[in-house]
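Data first, discussion second: the structure below is written as structure tokens.
Residues: numbered from 1 along the sequence shown. Just follow the structure's listing: the first ligand is 1, and inside any ligand the first atom is 1. Side chains are part of it too, since the values below use all heavy atoms of this structure and drop only hydrogens, waters and symmetry mates. No experiment lies behind these values; they were computed from the predicted model shown.
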Amino acid sequence: MRNLTQPDLALLAFAREVKPHAYAPYSVFRVGAAVYAGGEIFQGVNVENAAYGATLCAERGAVMAAVAAGCREIDAIAVAGDSESPTVPCGSCRQVLAEFNPAMRVIMGGRTDEVLVMSLEELLPEAFVRGYLDQDEPGAPE
Ligand code: THU
């Protein structure tokens, strides 16, 4: 757990700002996300689909926008969901985020003023990252 800062709240405001654009007719659970990378903000929302498995989470939408703009390292992500308590990123999103900085700051909010701040390492310890694909990497699986 980390202390909440003013930049955290500013990033969370971007996530909250975009949340109304979520396309969530099936779950009716809207999520907005804002990534801070390369000094810029990239927003995303969850986009659901009639074929439920084709749904994309807000966090991954924001990451795709940042990567498409040329970013390869993400400093922080804010997530704002419709839940009472702060909305945490799903397991798949944690894995996707780890690709672009396993130590990034993750700011989470819900419908109330409660805000949770953690590092991605806290949310996804021992992440599988590209180093494991290097056969000379010490500690990598055989
Ligand atoms: N969802 C996100 O966008 N991010 C999360 O962190 C949790 C879940 C979306 C996926 C789906 O559209 C809806 O929330 C319900 O699972």
Side-chain angles (χ1 to χ4, degrees), residues 1-134 137-142:
M1 204 83 76
R2 309 281 140 138
N3 288 326
L4 182 63
T5 66
Q6 281 305 318
D8 291 341
L9 284 173
L11 194 59
L12 187 58
F14 279 102
R16 291 202 157 118
E17 176 196 70
V18 75
K19 190 179 77 160
H21 294 169
Y23 177 72
Y26 305 106
S27 72
V28 199
F29 186 83
R30 296 164 307 160
V31 185
V35 154
Y36 182 64
E40 286 187 75
I41 307 283
F42 301 92
Q43 292 168 301
V45 293
N46 54 329
V47 179
E48 298 187 345
N49 192 275
Y52 296 170
T55 290
L56 192 71
C57 292
E59 295 90 323
R60 274 177 280 168
V63 169
M64 300 308 137
V67 172
C71 299
R72 293 292 182 269
E73 181 160 346
I74 293 173
D75 298 310
I77 185 167
V79 187
D82 269 341
S83 48
E84 175 89 19
S85 51
T87 300
V88 296
C90 79
S92 297
C93 287
R94 293 178 197 199
Q95 179 63 33
V96 169
L97 290 168
E99 183 74 21
F100 301 106
N101 178 9
M104 80 176 69
R105 209 167 163 86
V106 184
I107 302 107
M108 297 156 278
R111 280 189 280 112
T112 69
D113 287 343
E114 188 188 346
V115 180
L116 203 59
V117 183
M118 295 174 77
S119 70
L120 185 58
E121 275 162 341
E122 289 175 298
L123 287 166
L124 186 67
E126 302 298 338
F128 182 84
V129 290
R130 61 192 292 177
Y132 280 91
L133 300 175
D134 177 351
E137 176 75 12
E142 303 275 311

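Ring geometry for Tyr23 against Tyr26 counts as perpendicular: the plane angle is over 60°, on a 0 to 90° scale with 30° as the lower cut.
Numbered from 1 in the order shown, with element, the atoms of ligand 1 that lie under 4.0 Å from a heavy atom of Glu59 read 2 (C), 3 (O), 4 (N), 5 (C), 6 (O). Ligand-side atoms of ligand 1 in range of Thr55: 11 (C), 12 (O), range being under 4.0 angstrom from any heavy atom. For ligand 1, the atoms lying closer than 4.0 Å to a non-hydrogen atom of Glu48 are 11 (C), 12 (O), 13 (C). Close contacts of ligand 1 with Asn46, meaning ligand atoms under 4.0 Å from a residue heavy atom, involve 3 (O), 9 (C), 11 (C), 12 (O), 13 (C), 14 (O). Every atom of ligand 1 with a heavy atom of Ser27 under 4.0 Å away is listed here by number and element: 13 (C), 15 (C).
The shortest heavy-atom distance from Cys90 to ligand 1 is under 4.0 Å. Within the structure, ligand 1 has Val88 among the residues with a heavy atom less than 4.0 angstrom away. Ligand 1 lies less than 4.0 angstrom from a heavy atom belonging to Pro89.
Side-chain contact between Cys90 and Arg60 is present, with at least one heavy-atom pair separated by less than 4.5 Å. Using a 4.5 Å heavy-atom threshold, the side chains of Val88 and Met118 count as separate.
Of the protein's heavy atoms, Ala58 N, 3.0 Å lies nearest to atom 3 (O) of ligand 1. Protein heavy atom at the shortest distance from atom 8 (C) of ligand 1 is Cys57 SG, 4.2 Å.
Residue Ala62 comes nearest to Phe42 through the heavy atom pair CB-O, 3.6 Å, listed as atom of the first residue, atom of the second, then distance.
Arg94 places no side-chain N or O within 3.5 Å of a backbone atom of Leu120 that could act as its donor or acceptor partner.
The number of heavy-atom neighbours closer than 6.0 Å to OH of Tyr36, taken from other residues, nucleotides and ligands shown, is 12 or below. Applying the 6.0 Å contact sphere to CZ of Phe100 captures more than 12 heavy atoms from other residues, nucleotides or ligands.
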